[in-house]
Undergrad: 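Handing you this structure, nothing more for now.
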Amino acid sequence: MAAVDGGEVDHLAGERATAHFDVDAMKVAWAGSRHAVEVNDRMARLVASDPVFRKDTRTMLSRKELFKDTLKKAAHAWKRIVELRLTEEEANLLRLYVDQPGYVDLHWGMFVPAIKGQGTEEQQKKWVPMAYKFQIIGCYAQTELGHGSNVQGLETTATFDPNTDEFVVHSPTLTSSKWWPGGLGKASTHAVVYARLITQGKDYGIHGFIVQLRSLDDHSPLPGITLGDIGGKFGSGAYNSMDNGVLRFDHVRIPRDQMLMRLSQVTREGKYVHSDVPKQLLYGTMVYVRQTIVADASKALSRAVCIAVRYSAIRKQFGSQAGGPETQVLNYKTQQSRLFPLLASAYAYRFVGEWLKWLYTDVMQKLEAKDYSTLPEAHACTAGLKSVTTSATADAIEECRKLCGGHGYLNSSGLPELFAVYVPACTYEGDNVVLLLQVARFLMKTVSQLASGKQPVGTTAYMGNIQYLMQCKSAVNTAGDWLNPAAIKEVFEARALRMAVNCAQNISKAPSQEEGFSELSPDLLESAVAHVQLIIVTKFFEKLQQDIIGHGVKEQLQNLCNIYALFLLHKHLGDFLSTGCITPKQGALANEQLGRLYAQVRPNAVALVDAFDYTDHYLSSVLGRYDGDVYPALYAEAWKDPLNETVIPDGYQEHLRPLLKQQLKFSRL
Ligand SMILES: CCCCC/C=C\C/C=C\C/C=C\C/C=C\C/C=C\C=C\C(=O)SCCNC(=O)CCNC(=O)[C@H](O)C(C)(C)COP(=O)(O)OP(=O)(O)OC[C@H]1O[C@@H](n2cnc3c(N)ncnc32)[C@H](O)[C@@H]1OP(=O)(O)O
Ligand SMILES: Cc1cc2nc3c(=O)[nH]c(=O)nc-3n(C[C@H](O)[C@H](O)[C@H](O)COP(=O)(O)OP(=O)(O)OC[C@H]3O[C@@H](n4cnc5c(N)ncnc54)[C@H](O)[C@@H]3O)c2cc1C
């Protein structure tokens with residue numbers, strides 16, 4: 001089924017007819033299963049057909065109107081979820097297609113997972129059902145005005161008072177004000193608050209506490225609590241629908257059993273007891289969310305690419321000397337070389353996101369069985385993939401805007417809002433540089449353990465092949481040789497390992513490990529990126545080993561996988577050359593092969609973005625319309641702007657008319 005909710009004529013029919021593969025089967029490969037296609041399609045249409053979920057005027061609303069509209073949509077979505085008895089999977093998709101950031105994202109995405117992950121069974125029994133029924137609304141209050149990345153540096157205190165069996169939660173300084181939590185500003189009634197636990201005069205570091213913030217009767221802040229929104233954010237519409245908030249505590253008392261006690265406890269007497277689990281499990285909610293952010297990256301990127309590909313097939317510029325028809329901009333090789341790697345990246349992130357979800361589930365099962373061995377790998381993979389995919393996606397959305405020329409700059413293209421709502425993904429859930437440095441630490445540790453003969457496992461298993469990878473030379477002789485997955489994998493592994501080993505060797509020359517790490521941190525970032533890119537390429541190849549059904553689907557995915565890998569090779573040619581993994585000639589051959597692959601993608605490009613199966617409502621872009629009827633839509637959209645409500649603008653009488661009617665007073669005029 002095609003995702004049409006546009007007009008009658010299909011201006012892209014010619015493009016669709018040239019596809020060499022079964023689009024419906026590709027939809028299954030993209031979504032993961034026939035069931036996933038069906039449920040996505042049903043939820044997307046449910047949202048698209050409901051007038052409450054309209055969003056075409058969103059960028060024209062004031063902040064207050066936008067926030068109220070978000071509250072209305074969230075309440076309506078909940079009503080539909082209950083009325084239609086939607087499953088959790090359906091409800092999550094419905095919220096995704098409503099496509100307006102709001103307090104519910106943090107309620108379901110962080111508050112509930114934090115209680116499930118860090119609360120005892122008893123605490124879960126008490127709080128989770130209330131959250132599931134929306135009797136309470138929760139947010140995740142970790143970041144402070146003075147500290148975000150450095151979680152151990154947070155200043156809010158929770159001091160145990162054995163006289164009353166309570167914790168006293170307090171903001172001792174201005175910089176300890178909670179600052180940024182989504183949903184906190186106006187909507188939440190409760191928060192999971194991260195604070196330094198102090199008992200019996202000793203500071204035990206950061207722990208999580210459930211704190212009620214607002215009255216359940218009239219929503220006013222409880223005594224001792226100061227609350228508000230932190231103000232307007234980048235772009236119109238976009239993330240301004242979210243009430244990111246500020247919160248201060250003035251000696252607020254909460255019962256002892258509102259400390260999340262799965263990892264550690266404070267007894268009635270005030271004794272601190274730490275369970276036999278790694279303390280990093282406190283960061284579990286962040287690991288969970290980082291994993292979901294990777295899946296979101298492929299969503300946001302594929303939206304932008306869908307808009308840019310469809311519009312590039314419609315847009316024509318210049319033509320034959322003989323006055324023939326103008327050329328579709330999609331036919332320009334430069335347009336292809338900018339756009340098709342982004343199309344390939346969207347597929348790559350989709351598949352690595354699928355794998356990461358599997359890894360996360362696997363690690364969780366092991367944790368349940370008290371096997372903590374895979375925790376460092378889970379942290380490195382979620383941190384690294386979150387960082388690389390969000391940075392690349394943010395850049396890619398902006399590139400798609402440029403690929404759409406001037407019209408891409410209009411709000412009605414959908415791209416400015418998508419960019420504005422997406423860029424903070426490079427910062428929230430861990431600044432991307434800070435997270436890459438975590439990956440680098442993990443890599444340095446792995447390299448240092450190689451000497452002791454410890455065999456690396458999981459995504460660092462390739463490092464065990466150090467003897468070969470440190471000296472191998474690529475055997476690629478022709479452009480076509482770059483289509484061999486083994487040839488690609490070998491150079492990506494050699495590049496990642498050699499960069500990591502170079503860093504480790506240089507660090508070892510420094511007076512101390514810490515100094516060396518700090519001095520080498522720019523190189524360490526690049527080393528971490530090389531490792532993460534290897535993971536993405538590898539997981540794409542592994543996807544191709546699976547049973548992929550449908551005419552031509554596997555061939556298209558093979559092309560996209562090769563484009564993704566060779567594009568990275570071309571972009572990071574300096575790495576591959578300086579580490580001696582390939583020769584300049586082999587680099588040139590990779591580029592030659594890329595050009596050939598772009599030519600193969602060209603007739604399939606529109607069908608490849610159709611396979612994302614997005615409704616026009618979800619895309620919310622006049623340029624990305626399924627039917628390609630761009631110009632009438634652009635023209636009609638312009639007239640909806642509030643400035644066009646009157647022919648003569650407000651302000652004419654006060655400011656324009658006097659100017660135009662003034663007497664000339666300057667003698668030299
Ligand atoms: C309008 C149009 C709509 C369009 C919509 C389109 C798209 C929408 C797209 C996206 C929206 C989707 C979702 C939105 C989701 C979220 C956004 C909203 C909310 C955001 C919330 C937040 O940001 S919450 C706050 C997050 N904060 C952080 O992430 C802080 C980052 N800092 C840290 O994690 C840590 O402080 C640290 C890792 C940097 C350092 O930790 P620390 O303990 O101080 O230090 P060490 O470095 O010494 O580490 C000690 C050891 O612990 C290991 N470790 C660290 N972290 C972990 C971990 N998480 N798990 C396991 N292990 C960990 C570390 O490796 C060390 O180990 P070793 O000792 O062995 O080396
Ligand atoms: C839209 C949005 C929503 C958010 N929602 C929430 C929420 O719901 N709950 C919540 O608790 N928080 C939330 N946050 C806060 C977010 O998690 C933090 O902003 C984020 O973790 C980055 O921390 P920071 O602001 O302290 O950045 P900083 O750490 O101050 O970063 C500033 C600069 O310093 C660099 N830097 C920092 N440390 C290092 C280092 N060790 N080495 C090298 N460079 C370094 C960074 O790369 C960056 O360039 C949200 C933020 C945003 C933007």
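For the single chain, residues carry numbers from 1 onward in sequence order. Order of appearance sets the numbers: ligands from 1, and atoms from 1 within every ligand.
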Undergrad: Before signing off on this row, confirm whether G430 and ligand 1 have an N or O atom pair separated by under 3.5 Å.
TA: yes
Undergrad: Would you check if the side chain of S387 reaches a backbone N or O of A383 as a donor-acceptor pair within less than 3.5 Å?
TA: no
Undergrad: Between Y347 and F612, how do the two ring planes meet: parallel, tilted or perpendicular, split at 30° and 60°?
TA: tilted
Undergrad: Establish whether atom 8 (C) of ligand 1 and some protein heavy atom are separated by less than 4.0 angstrom.
TA: no
Undergrad: side-chain hydrogen bond (donor to acceptor under 3.5 Å, both in side chains) with E368: which residues, sequence neighbours excluded?
TA: R262
Undergrad: Taking distance alone, with no angle check, do T143 and ligand 1 share an N/O pair under 3.5 Å?
TA: no
Undergrad: Without hydrogens or angle criteria, can the side chains of N244 and Y239 be said to hold a donor-acceptor pair below 3.5 Å?
TA: no
Undergrad: Please work out which of Y428, Y283, Y194 has its closest non-hydrogen atom nearest to atom 17 (C) of ligand 1.
TA: Y428
Undergrad: What closest approach, in Å, do L282 and G208 show between heavy atoms, and which atom pair accounts for it?
TA: CD1-N, 4.2 Å
Undergrad: Taking non-hydrogen atoms only, is W180 closer than 4.0 angstrom to ligand 1 via side chain, backbone, both or neither?
TA: neither
Undergrad: Could you tell me whether F442 approaches ligand 1 through its side chain, its backbone, both or neither, with non-hydrogen atoms closer than 4.0 Å?
TA: neither
Undergrad: Given H147, K445, E429, which has its nearest heavy atom closest to atom 23 (O) of ligand 1?
TA: E429
Undergrad: Please could you name the atoms of ligand 1 that V151 approaches to less than 4.0 Å, counting only its heavy atoms?
TA: 30 (C), 32 (N), 33 (C), 35 (C), 36 (O)
Undergrad: Please report which non-hydrogen protein atom sits nearest to atom 45 (O) of ligand 1, along with the residue it belongs to and the distance in Å to one decimal place.
TA: Q438 NE2, 4.7 Å
Undergrad: Need the list: ligand 2 N/O atoms against protein N/O atoms, distance under 3.5 Å, rounded to one decimal.
TA:
{"from": "ligand 2", "atom 1": "8 (O)", "to": "G182", "atom 2": "N", "distance (Å)": "3.0"}
{"from": "ligand 2", "atom 1": "9 (N)", "to": "Y140", "atom 2": "O", "distance (Å)": "2.9"}
{"from": "ligand 2", "atom 1": "11 (O)", "to": "Y140", "atom 2": "O", "distance (Å)": "3.4"}
{"from": "ligand 2", "atom 1": "11 (O)", "to": "Q142", "atom 2": "N", "distance (Å)": "3.0"}
{"from": "ligand 2", "atom 1": "11 (O)", "to": "T143", "atom 2": "N", "distance (Å)": "2.8"}
{"from": "ligand 2", "atom 1": "11 (O)", "to": "T143", "atom 2": "OG1", "distance (Å)": "3.1"}
{"from": "ligand 2", "atom 1": "12 (N)", "to": "T143", "atom 2": "OG1", "distance (Å)": "2.7"}
{"from": "ligand 2", "atom 1": "23 (O)", "to": "S149", "atom 2": "N", "distance (Å)": "3.3"}
{"from": "ligand 2", "atom 1": "23 (O)", "to": "S149", "atom 2": "OG", "distance (Å)": "3.4"}
{"from": "ligand 2", "atom 1": "26 (O)", "to": "G148", "atom 2": "N", "distance (Å)": "3.1"}
{"from": "ligand 2", "atom 1": "26 (O)", "to": "S149", "atom 2": "N", "distance (Å)": "3.2"}
{"from": "ligand 2", "atom 1": "29 (O)", "to": "S149", "atom 2": "OG", "distance (Å)": "2.5"}
{"from": "ligand 2", "atom 1": "47 (O)", "to": "D431", "atom 2": "OD1", "distance (Å)": "3.3"}
{"from": "ligand 2", "atom 1": "47 (O)", "to": "D431", "atom 2": "OD2", "distance (Å)": "2.6"}

Undergrad: Would you mind finding which of E377, K55, R58, Q100 brings a heavy atom closest to atom 2 (C) of ligand 1?
TA: R58
Undergrad: Who's the nearest protein heavy-atom neighbour of atom 35 (C) of ligand 1, and how far?
TA: S149 O, 3.7 Å
Undergrad: Atom 6 (C) of ligand 1: which of M242, K299, R303 has the nearest heavy atom?
TA: R303
Undergrad: Test of understanding: given a 4.0 Å heavy-atom threshold, classify the contact between L106 and ligand 1 as side chain, backbone, both, or neither.
TA: side chain
Undergrad: Heavy atom under 4.0 Å from ligand 1: found in D296's side chain, backbone, both, or neither?
TA: side chain
Undergrad: In a table with atom names and distances, give each donor-acceptor pair under 3.5 Å that connects a side chain of residues 408-418 to protein atoms at least two apart or in another chain.
TA:
{"from": "S413", "atom 1": "OG", "to": "G408", "atom 2": "O", "distance (Å)": "2.9"}
{"from": "S413", "atom 1": "OG", "to": "L410", "atom 2": "O", "distance (Å)": "2.9"}
{"from": "S413", "atom 1": "OG", "to": "L415", "atom 2": "N", "distance (Å)": "3.1"}
{"from": "E417", "atom 1": "OE1", "to": "R58", "atom 2": "NH2", "distance (Å)": "3.3"}
{"from": "E417", "atom 1": "OE2", "to": "R58", "atom 2": "NE", "distance (Å)": "2.8"}
{"from": "E417", "atom 1": "OE2", "to": "R58", "atom 2": "NH2", "distance (Å)": "3.4"}
{"from": "E417", "atom 1": "OE2", "to": "A238", "atom 2": "N", "distance (Å)": "2.9"}

Undergrad: Considering non-hydrogen atoms of the protein only, which is the closest contact for atom 27 (N) of ligand 1, and what is the distance?
TA: Q142 NE2, 3.3 Å
Undergrad: For atom 3 (C) of ligand 1, what's the nearest protein heavy-atom neighbour? Residue, atom name and distance, please.
TA: D99 OD1, 3.0 Å
Undergrad: Q280 versus ligand 1: do any nitrogen or oxygen atoms come within less than 3.5 Å of each other?
TA: yes
Undergrad: Run down the list R290, M286, M444, H379 and name the one with the heavy atom closest to atom 54 (N) of ligand 1.
TA: H379
Undergrad: I'd like to check which ligand 1 atoms, numbered from 1 as shown, lie under 4.0 Å from a non-hydrogen atom of V434.
TA: 39 (C)
Undergrad: What donor-acceptor contacts under 3.5 angstrom involve side-chain atoms of residues 68-76, with partners at least two apart or in another chain?
TA:
{"from": "D69", "atom 1": "OD2", "to": "K73", "atom 2": "NZ", "distance (Å)": "3.0"}
{"from": "D69", "atom 1": "OD2", "to": "Q100", "atom 2": "NE2", "distance (Å)": "3.0"}
{"from": "T70", "atom 1": "OG1", "to": "L66", "atom 2": "O", "distance (Å)": "2.7"}
{"from": "T70", "atom 1": "OG1", "to": "Q100", "atom 2": "NE2", "distance (Å)": "3.0"}
{"from": "K73", "atom 1": "NZ", "to": "R54", "atom 2": "O", "distance (Å)": "2.9"}
{"from": "K73", "atom 1": "NZ", "to": "Q100", "atom 2": "OE1", "distance (Å)": "2.9"}
{"from": "H76", "atom 1": "NE2", "to": "D50", "atom 2": "OD1", "distance (Å)": "3.4"}
{"from": "H76", "atom 1": "NE2", "to": "D50", "atom 2": "OD2", "distance (Å)": "2.7"}

Undergrad: For ligand 1, note which part of E417 has a heavy atom under 4.0 Å away: side chain, backbone, both or neither.
TA: side chain
Undergrad: Which of the numbered atoms in ligand 1 are below 4.0 angstrom from a heavy atom of Y239?
TA: 17 (C), 18 (C)
Undergrad: Between Y194 and T156, is any pair of side-chain heavy atoms under 4.5 Å apart?
TA: no
Undergrad: Can you tell whether the side chains of K640 and E637 come within less than 4.0 Å, N to carboxylate O?
TA: yes
Undergrad: Got a protein heavy atom sitting under 4.0 Å from atom 71 (O) of ligand 1?
TA: yes
Undergrad: Taking only heavy atoms of G148, which atoms of ligand 1 are found under 4.0 Å from at least one of them?
TA: 30 (C)
Undergrad: Which heavy atom of the protein is the closest neighbour of atom 48 (O) of ligand 1, given with residue, atom name and distance?
TA: R441 NH2, 3.6 Å
Undergrad: Considering non-hydrogen atoms of the protein only, which is the closest contact for atom 44 (O) of ligand 1, and what is the distance?
TA: Q152 CG, 3.5 Å
